[in-house]
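Position 1 is the first residue of the sequence; numbering continues from there. Hydrogens, waters and symmetry mates play no part in the numbers below; they use all other heavy atoms, side chains included.
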Amino acid sequence: MKLLLVEDNQILADDLSDFLKENGFLVEHAADLQSASERVSLYEYDLVILDIGLPDGNGLVLISEMKQDDNEACILIVTAKNAVEEKVKGLELGADDYITKPFHKSELNARIRSILRRSRQNGNDILTAGNIRMDTAACQVSINDYMLKLTRKEYDLLLFLSTTRTVC
C-alpha cells in the first residue's frame, strides 16, 4: 500500500517513514502543503497521513483540493491541536479519521490498517474469491482450507491485486 506522509517535522517524518516501511508500506514524504498538493495531483496513494499544521498553510486545504479532484485516497489527519473544531472540520471535509500528537506508532498503524480495510473491503477482514480466502487481520491466505505459506511481498501483492479496482 502506498502512503503519502505530509509532515513538516523532519525528525518525526523520518521516524514514521522508517516505522511504516518496516510494516510493509511504501512511503513518500512531503514537508509542506505545496509539495503535498503537487504529489496528490501527480500520483495515486492509498492513504495520505496529513499534519494540518504546516509551514505554508493549513492541511485542511489539501483535503478540500483532493475531494474537489475526486481523489479516492483515504485521509488520516495528524494534529498537535486538540481543538474539537479542527477535528470536526477535517472529518466533515472528507477525512477518514484523525489522531492527536503525541501518539503511539502501534495506534497509528492500527488506524491506517482500519481505514484501508474499511475503504477496500467495506469493513470486512475476510476476502473471498472462489476457493481463495484471505484473512487481512491475520495476513493469511488459504485455498480450499489449505493454508498457504507466502512471503510478505507475495501476500502484499495478492492483497493489492485482489483489492484493486479495474477500469475498462
K.L.:
Are the side chain of Asp97 and the backbone of Ile115 linked by a donor-acceptor contact shorter than 3.5 Å?
P.N.:
no

K.L.:
Given 3.5 Å as the limit, does a donor-acceptor pair link the side chain of His29 with the main chain of Asp14, or not?
P.N.:
no

K.L.:
Where do Leu60 and Gly90 come nearest, in terms of heavy atoms and distance?
P.N.:
CD2-CA, 3.6 Å

K.L.:
Let me confirm one number: the CD1-OG1 distance from Ile52 to Thr79, rounded to the nearest 0.5 Å.
P.N.:
3.5 Å

K.L.:
Does a donor on one side chain and an acceptor on the other come within less than 3.5 Å for Tyr43 and Glu28?
P.N.:
no

K.L.:
Evaluate the criterion side-chain contact (heavy atoms from CB on, under 4.5 Å) for residue pair Asp51 and Lys101; output intermediate values, then yes/no.
P.N.:
CA-CA 10 Å; Asp51 183 2; Lys101 294 177 185 176; 3.2 Å; yes

K.L.:
Between Arg111 and Glu107, is there a side-chain N and carboxylate O pair less than 4.0 Å apart?
P.N.:
yes

K.L.:
CG of Leu20 to CD1 of Ile49: how many Å apart, nearest 0.5 Å?
P.N.:
5.0 Å

K.L.:
Kindly give the heavy-atom pair with the smallest separation between Met66 and Val40, and that separation in Å.
P.N.:
CG-CG2, 4.0 Å

K.L.:
Rounded to the nearest 0.5 Å, what separates atom CG in Leu93 from atom CG in Leu62?
P.N.:
10.5 Å

K.L.:
Evaluate the side-chain contact (heavy atoms from CB on, under 4.5 Å) criterion for residues Leu148 and Glu154: first the C-alpha distance (whole Å), next the side-chain angles of each, then the deciding distance (0.1 Å), finally the verdict.
P.N.:
CA-CA 11 Å; Leu148 299 180; Glu154 291 168 336; over 6 Å; no

K.L.:
I'd like to know if the side chain of Ser37 and the backbone of Leu33 have a donor-acceptor N/O pair within less than 3.5 Å.
P.N.:
no

K.L.:
Are Leu116 and Phe103 linked, directly or through other ILVMFWY residues, by side chains that come within less than 4.5 angstrom of each other?
P.N.:
yes

K.L.:
When you measure from the side chain of Asp69 to the backbone N and O of Asn71, does any donor-acceptor pair fall under 3.5 Å?
P.N.:
no

K.L.:
Hey, does Thr100 have a side-chain heavy atom less than 4.5 Å from the side chain of Glu86?
P.N.:
no

K.L.:
Supply the atom-to-atom distance Gln34 CD to Glu38 CD, rounded to the nearest 0.5 angstrom.
P.N.:
5.0 Å

K.L.:
Can you tell me how far apart CD (Glu72) and CG (Asp46) are? Round to the nearest 0.5 Å.
P.N.:
11.0 Å

K.L.:
Looking only at atom types and distance, does a side-chain atom of Asp96 sit under 3.5 Å from a main-chain N or O of Leu76, one as donor and one as acceptor?
P.N.:
no

K.L.:
Any side-chain heavy atom of Lys2 within less than 4.5 Å of one from Glu44?
P.N.:
no

K.L.:
Are Tyr146 and Met134 co-members of a hydrophobic cluster defined by side-chain heavy atoms under 4.5 Å apart?
P.N.:
yes

K.L.:
Roughly how far, to the nearest 0.5 Å, is OH of Tyr45 from CZ of Arg39?
P.N.:
5.0 Å

